[in-house]
Amino acid sequence: RLMFLTSLYLLSFLIVLIALNTDHSPAVFWDDVRTVLIIILAPIALKYIVQLSTSPFYYWVEKHRQTKRNSYIPASVSVLIPAWNEEVGIIKTVNSVIDTEYPALEIIVINDGSTDQTDTLMTQFLSEFKHSESADITIKYFFLENGGKARALNFALEHASGEIVITIDADSLMHPASIKNMMPFFSDPEVAAVAGNVTIGNREKPIGLIQQLEYLYGFFFKRADSIFNSVYIIGGAAAAYRKDILKKAGGFNHKIITEDIEISTRLLKLGYKTRYAADAITYTEGPSEYKGLCNQRLRWKFGRFQTFWKHRELFFSCSSKHSFYLSWFLLPLAVYSEILLLLELPLLTVFFSYMISTGDYVPLLIAISFFTLVVCFQLLADKQRRYHANLLPLVPVGWIVCYIIDAVELQAILRSVKRFIRNEDLQWQKWIRAGLPIEQSSFPVERSSTEEVLLDR
């Protein structure tokens, strides 16, 4: 990891050194090119301006919303854990849910036809659990023929007794306060789903460090989406739903590879609200090698394209039940970002040609400074700032990390487009798991006194 950081710093230092020792040579042609680039990137800049100016008001808005209504305390909560060949982490995942000590808690583990030791481990665990003192916790375990994650979740949904159902992946750990911190958002009866805050737990290698920074950066902007009731990506690693609404909507769609994104988008299409719980932390295991990361992003990209096409009526919708922010701003810009990703190589070629030809490195230095300041702000604003302190050395060179992630996303979009052209489906992509090298109790949520009312009432 030291070599990785050193190489990034050397590259950044080299660029800054060149910028400081190069004279600016303006040219009319390149001035026109710069204007075109600014126009192309303006919509994305607008998106960041809106989200960055809105996100700081997240806690104030949510506190105001919830104090207007009575606190919501469900009679019971069901946590659904689909598992397919998850012998490495399944027991730690179940224990992390048990350790939330949430009252009237039901845990449903659905073994989706695993061929490893998942069934043996769960059977042994259940026999030991029966003799424990966890009287308020019920654990149900089902072994099904392999039919996919969505089918497993729908099966569990039929057997769930909780008013609220929560999904968590079998390679993840739930923070002790996670369930409690999700519930206040359901005080609004129109809120159908709440997204938790997913954090990378395996961050020792450079690839884990990259994903940790990416998750911190990306999830922060969900605060703005939550303010506008427009969280359309609610990952299955940390998601909560009203069971009656989820069943009324038809459950999870097994025909779309990202059933979690599809159901959250479908709920918004039906006119319900979705929110983001920044303090509902779940630690997940990200891919630990490049091929696994590429396959994961292929699944995400392909599934998001499927979702966009299926719910295309949401784009530029004039219906009063749809959020203007979602239909006219967030979703169109999500597609526009994918188009820019496809054009990134030629655009970067033109951009760097402009800098080298004119000696004008100011735009790049501004972009680097902007990204550094944003990530520093996100680190300070995050309740897990101590956990994310390891990212501080990466922040000044984080702009290079963005290009690494863009390369992964680019291969995903190219492979997705290829599959759409050939009308090919995509099966679940799985990578080698090593298990999370952390203990769930090691990461207390840091709270400020102004937020205690929101989180603990």
Side-chain angles (χ1 to χ4, degrees), residues 74 76-144 146 149 151-162 164-183 196-202 235-241 243 252 260 280-286 430 433-443:
S76 60
V77 172
S78 298
V79 179
L80 316 184
I81 309 175
W84 178 64
N85 290 348
E86 297 287 0
E87 62 182 5
V88 173
I90 183 64
I91 302 303
K92 287 184 76 173
T93 300
V94 174
N95 275 322
S96 76
V97 179
I98 292 173
D99 288 344
T100 62
E101 297 182 349
Y102 195 83
L105 181 64
E106 177 184 62
I107 302 172
I108 304 179
V109 180
I110 321 95
N111 189 335
D112 188 35
S114 297
T115 56
D116 63 355
Q117 295 298 308
T118 300
D119 182 58
T120 301
L121 291 171
M122 276 303 304
T123 302
Q124 180 181 350
F125 175 82
L126 288 173
S127 65
E128 296 172 357
F129 179 79
K130 289 178 181 179
H131 301 91
S132 70
E133 298 179 357
S134 302
D136 291 337
I137 298 177
T138 302
I139 300 181
K140 298 178 181 178
Y141 174 64
F142 300 97
F143 188 99
L144 311 178
N146 182 258
K149 187 176 180 180
R151 286 192 175 95
L153 287 171
N154 285 333
F155 180 89
L157 192 61
E158 293 301 320
H159 292 80
S161 61
I164 301 295
V165 294
I166 295 175
T167 65
I168 179 174
D169 290 343
D171 63 346
S172 302
L173 300 179
M174 185 176 282
H175 188 279
S178 187
I179 296 178
K180 180 181 68 173
N181 290 345
M182 281 182 167
M183 294 306 108
N197 186 354
V198 182
T199 299
I200 290 294
N202 54 326
Y241 307 91
K243 186 182 69 175
F252 296 93
D260 46 3
I281 312 293
T282 293
Y283 304 95
T284 192
E285 180 180 2
K430 190 174 177 65
R433 301 198 192 280
L436 289 176
I438 60 176
E439 292 298 327
Q440 174 234 25
S441 58
S442 303
F443 306 104

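In what follows, every heavy atom counts, from backbone to side chain, and hydrogens, waters and symmetry copies are set aside. Nothing here was measured: the structure is a model prediction, and the numbers come from that model.
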Mind running side-chain contact (heavy atoms from CB on, under 4.5 Å) on V94 and M122 for me, showing each step along the way? CA-CA 9 Å; V94 174; M122 276 303 304; 4.2 Å; yes
With side-chain contact (heavy atoms from CB on, under 4.5 Å) as the criterion, how do D169 and K149 come out once you've worked through the C-alpha distance, each side chain's angles and the decisive distance to 0.1 Å? CA-CA 10 Å; D169 290 343; K149 187 176 180 180; 2.8 Å; yes
side-chain contact (heavy atoms from CB on, under 4.5 Å) evaluation trace for I200 with N202: CA-CA 6 Å; I200 290 294; N202 54 326; 3.6 Å; yes
Going through the checks in order, is the side-chain contact (heavy atoms from CB on, under 4.5 Å) test met by T100 and K180? CA-CA 8 Å; T100 62; K180 180 181 68 173; over 6 Å; no
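Without hydrogens or angle criteria, D99 side chain to P176 main chain gives no donor-acceptor distance under 3.5 Å.
The two atoms that bring T118 and A83 nearest to each other are CG2-CB, 4.4 Å, heavy atoms only. Residues P82 and L80 approach most closely at CD-O, 3.6 Å, considering heavy atoms. For the residue pair G236 and T167, the shortest heavy atom distance occurs at O-OG1, 3.0 Å. The shortest non-hydrogen separation linking S178 to T282 is OG-OG1, 4.2 Å. Summarising the geometry of E106 relative to H159, their closest heavy-atom pair is OE2-O, 4.0 Å, with the distance given to 0.1 Å. Closest non-hydrogen pair, S172 versus S96, comes out as O-OG, 4.2 Å.
Exactly one of I139, V109, I137, I107 qualifies for a side-chain contact (heavy atoms from CB on, under 4.5 Å) with V97. That residue is I107. The side-chain contact (heavy atoms from CB on, under 4.5 Å) with I179 is formed by just one residue from the set M183, H175, M182; it is M183. Of the options I166, I81, N95, a side-chain contact (heavy atoms from CB on, under 4.5 Å) to M174 is made by I166 and by none of the others. Considering L173, V88, T93 as possible partners of L436, the one that fulfils the side-chain contact (heavy atoms from CB on, under 4.5 Å) test is L173.
Take D112 and apply the salt bridge (Lys or Arg N to Asp or Glu O under 4.0 Å) test, not counting sequence neighbours, and it matches no residue. When the ring-ring contact (aromatic ring centres under 6.0 Å, His included) test is applied to F252, the partners found at least two apart in sequence or on another chain are Y241. For F143, the side chain to side chain contact (heavy atoms under 4.5 Å, CB included) partners at least two apart in sequence or on another chain are N111, D119, Y141.
Using a 30° and 60° split on the angle between ring planes, F142 and F155 fall in the perpendicular class, above 60°.
Here Y283 contributes atom OH and N197 contributes atom CG; the two are 9.0 Å apart, rounded to the nearest 0.5 Å. Atom CD1 of I164 and atom OG of S76 lie 9.5 Å apart (nearest 0.5 Å). From K92, atom NZ reaches atom CG of D171 across 11.5 Å, with rounding to the nearest 0.5 Å. Rounding to the nearest 0.5 Å gives a distance of 8.0 Å between CD1 of I90 and OG of S114. To the nearest 0.5 Å, atoms OG (S161) and CD1 (I108) are separated by 6.5 Å. Separating the OG1 atom in T115 from the CG atom in N85 is a distance of 4.0 Å, to the nearest 0.5 Å.
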